[in-house]
Each structure stands twice: as C-alpha cells, then as structure tokens.
Amino acid sequence: MSISLFYFVAFLSIFFALLVIFAKNPVHSVLYLIVTFFTFTIHYILLNAQFLAIVNFIVYMGAIMVLFLFVLMLLNLNEGSIGSKSNLLKMIGVIGGMCLIITLVGSARVLNASEPLVLQTQDLGLVKNLGKVLFSKFLLPFELSSILLLSAMVGSVLLAKRDIKQV
Amino acid sequence: MENVTQALQGVPLNHYILLSIIIFSIGVIGVMIRRNAIVIFMSVELMLNAVNLLLTAFSVHHNDPSGQVFVFFIMALAAAEVAIGLAIIVMIYRNTNSTDVNILNKLKW
C-alpha cells in the first residue's frame, strides 16, 4: 500500500497537469492547477518535508491561485474569445515536448540513480531544522528575498495602475 | 507521522526524476500550444513546481536541508513573479482588449 500510494498520487499529478493545459476554459485550467498543487502537497508530506507542504498549501494554493482567479474574473474572458492555435502548430508543440521528455529520460537513465529513497534523519524537513539552516547559513539570501518581494509589490502596483495624465 | 514516512521507503529516486521530467515537459508543451497568456503563465508555474519536487527529493536523498531551503526561495520568487506577470497581463488586456499572445507578435521582430 505504501509504495503504491506514491504511484497513485503521481498518476493524479500527471493527469491533472494534462487537464490544465488542455482545458478550453481558463477558469477550469486554474481549478485543475489547484488540484495539481494539492497532489504536490501530498508528495511533500510523503517526503516528510512538512514545512514545504504547509508553505505549498498556503502560498501556492492560497495566495497565488486566488490571484490567478481574481485576474481572470477581472478580465472577463469568454470561452471563445481567444482562438486556439492551428492543428499543425499544436502537433509540432506536442512532438517537441515528447522529444524533450525522451532526451531528459535518456539522460536520467545514464544517471542510473535507482537506489530507493531512504529518510536518514526523521526531522530533516521540519520547521525547527529548516529554520536553523535558514537563519544561519542562508540569512543574507533570506533578507534579500524580502527586498525582492518589496520591489515586486511596488512594480506590480506601478504596472497595473492607470496613467493619471491619460485619464 | 511514523506510518506516513514509512510510505517513502522503497520508491526509487529515478521515479521522482521521471515524474518531474513529465510534469516539466507538460509545462513546456502548455507554453507552446496555448495562446491565452494566463494559461501560458500557469504552465510556467507547473514547470517551477516540477523543479521544486525534484529539489526536495534530492534533498531527502542527500540528507541535506539546503535543498528544501532553496525550494522555499523558489516559492518566494514565484510569488513575486506571479504578481509582476499578472500586472503585465492586466496592462496588455487594457491596451489590446485581449490576452491573446498572437496580437503581440510584433515583439518577435
């Protein structure tokens, strides 16, 4: 049961990821993407990365997906308003993606990393352990990421704001 | 939590690599075959998440928490990227009344 749980969740991830890119309605795409991210959360729990599971749940499924849905509702796109690419271009895109899969799988086979994944220390992905690493070894990148978020906030407000002189 | 972590035992590392490769490639295909800028953006998110999963798997494999810290940084970066990207999409919509990327084909030249 334990191993097959991974394969079941992996199957669900791939299935919903395919639905994301093939759904006609963008709102359905967003909803499928939320389910895909939920399966990723289950993967993190299976890897005992509890901190990442919680962050993935809150940040991705909560904040980012709500932002996507909000913008979709703001833009009021109808289902048929944007046509799809021609069948030839779609075919070329899918074949190109398959070639990418084949190339990467071939290189992964050369890597030959077939040993089973074993959790050596139980508390590897817990908040306590990660916090110690984050605030000692990665303190400077952590502070820099706050500047990144601040500049992103200022930039997005500046971009989305209407120009006052034009109005 | 004991029984959940037992589920980890026995899944080979290259199956995680295969899963990440497939999800990443689905993201690439999505970027290539869709015309709606928002769906293209969601495909990019899919690619970011595939890499996150692989980083976590290797972090567990090498028993090194640095990989999971990097995933945390990627998530912070993704949040910033989504905010900027969606602001740009809103601005494109305001100027062209659509989010079709084919309207912006002058950017190719």
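In this text, all values refer to a predicted model and were calculated from it rather than measured experimentally. Every chain is numbered from 1, with letters handed out A, B, ... down the list of sequences. Atoms considered below: every heavy atom in the structure, side chains included; atoms not considered: hydrogens, waters and symmetry mates.
Here the closest non-hydrogen pair linking B:I26 and A:A17 is CG2-O, 3.6 Å. Contact between B:G30 and A:I21 at its shortest, heavy atoms only, is CA-CG2, 3.6 Å. Taking each heavy atom of B:S25 and A:L100 in turn, the nearest pair found is OG-CD2, 3.9 Å. Shown here for A:L124 and B:V60, the closest heavy-atom pair between the two residues is CD2-CA, 3.8 Å. Taking each heavy atom of B:I33 and A:K90 in turn, the nearest pair found is CG2-O, 3.7 Å. Here the shortest heavy-atom pairing between B:I29 and A:G93 reads CG1-O, 4.1 Å.
Atoms CZ and OG, on B:R35 and A:S86 in that order, are 9.0 Å from each other to the nearest 0.5 Å. Note that OG of A:S29 and CG of B:N36 are 8.0 Å apart. Values are rounded to the nearest 0.5 Å. Atom CG of A:L47 and atom OG1 of B:T56 lie 6.5 Å apart (nearest 0.5 Å). With rounding to the nearest 0.5 angstrom, the OH atom of A:Y44 is 4.0 Å from the CG atom of B:N52. Taken to the nearest 0.5 Å, the CD1 atom of A:I34 stands 9.5 Å off from the CE atom of B:M42. The distance from atom CD1 of B:I89 to atom CG of A:L74, rounded to the nearest 0.5 Å, is 12.0 Å.
Of the listed residues (A:V105, A:N129, A:V59), the one with the most heavy-atom contacts under 4.5 Å to chain B is A:V105. Counting heavy-atom pairs under 4.5 Å between each of A:L67, A:L159, A:V133, A:L75 and chain B puts A:L75 at the top. Between chain A and the options B:V31, B:I40, B:L53, the largest number of non-hydrogen pairs under 4.5 Å is found for B:L53. In terms of non-hydrogen atom pairs under 4.5 Å with chain B, the most contact-rich of A:L130, A:L158, A:V157 is A:L130. The most heavy-atom pairs under 4.5 Å with chain B, out of A:G155, A:A108, A:P141, A:S151, come from A:P141.
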Candidate pair A:V94 and B:M32, rule side-chain contact (heavy atoms from CB on, under 4.5 Å), full reasoning: CA-CA 8 Å; A:V94 171; B:M32 287 195 285; over 6 Å; no
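For B:N63, the side chain to side chain donor-acceptor pair (under 3.5 Å) criterion is met by A:T121, not counting sequence neighbours. For A:Y60, the ring-ring contact (aromatic ring centres under 6.0 Å, His included) partners two or more places apart in sequence, or in a different chain, are A:F37.
A ring-centre distance under 6.0 Å is not found for B:H15 and A:F6.
For B:R94, the CZ atom is densely surrounded, since the number of other residues' heavy atoms within 6.0 Å is greater than 12. Counting non-hydrogen atoms of neighbouring residues, nucleotides and ligands closer than 6.0 angstrom, the CG atom of A:N87 reaches no more than 12 such neighbours. The number of heavy atoms from other shown groups lying within 6.0 Å of CZ (A:F15) does not exceed 12.
No continuous path of ILVMFWY side-chain contacts below 4.5 Å connects A:Y32 to A:V66, so the two sit in separate hydrophobic clusters. The same ILVMFWY cluster, assembled from side-chain heavy atoms under 4.5 Å apart, contains both A:V9 and B:L18. Both A:F51 and B:V51 belong to a common hydrophobic cluster when Ile, Leu, Val, Met, Phe, Trp and Tyr are linked at side-chain heavy-atom distances under 4.5 angstrom. Under a hydrophobic-cluster definition in which Ile, Leu, Val, Met, Phe, Trp and Tyr are linked whenever side-chain heavy atoms come within less than 4.5 Å, directly or via other members, B:I103 and B:I88 are assigned to different clusters. The hydrophobic cluster containing B:L55 does not contain A:I54, counting ILVMFWY residues as joined when their side-chain heavy atoms lie under 4.5 angstrom apart, directly or transitively.
Of the atoms belonging to A:T36, it is side-chain heavy atoms, and not backbone ones, that fall under 4.5 Å from chain B. For A:V30, the parts lying under 4.5 angstrom from a heavy atom of chain B are both the backbone and the side chain. Looking at A:L33, only its side chain comes within 4.5 Å of chain B, counting heavy atoms on both sides. Using a 4.5 Å cut-off between heavy atoms, B:I38 touches chain A through backbone and side chain atoms alike. Interface remark: A:L111 contributes side-chain atoms only to the contact with chain B (heavy atom separation under 4.5 Å). In this structure, no portion of A:A63 lies under 4.5 Å from any heavy atom of chain B.
Considering only heavy atoms from C-beta on, B:F24 stays 4.5 Å or farther from A:I101 through its side chain. In this structure, the side chains of B:Y93 and A:V71 stay at 4.5 Å or more apart for every pair of heavy atoms.
Inspection of non-hydrogen atoms places A:F142, A:S145, A:L148, A:L149 of residues 142-150 of chain A under 4.5 Å from chain B.
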Using atom types as modelled, flag every donor-acceptor pair under 3.5 Å from a side chain in residues 66-84 of chain B to any protein atom, sequence neighbours excluded.
{"unit_1": "B:S66", "atom_1": "OG", "unit_2": "A:K137", "atom_2": "NZ", "d": "3.3"}
{"unit_1": "B:S66", "atom_1": "OG", "unit_2": "B:D64", "atom_2": "OD1", "d": "3.2"}
{"unit_1": "B:Q68", "atom_1": "NE2", "unit_2": "B:S59", "atom_2": "OG", "d": "3.4"}

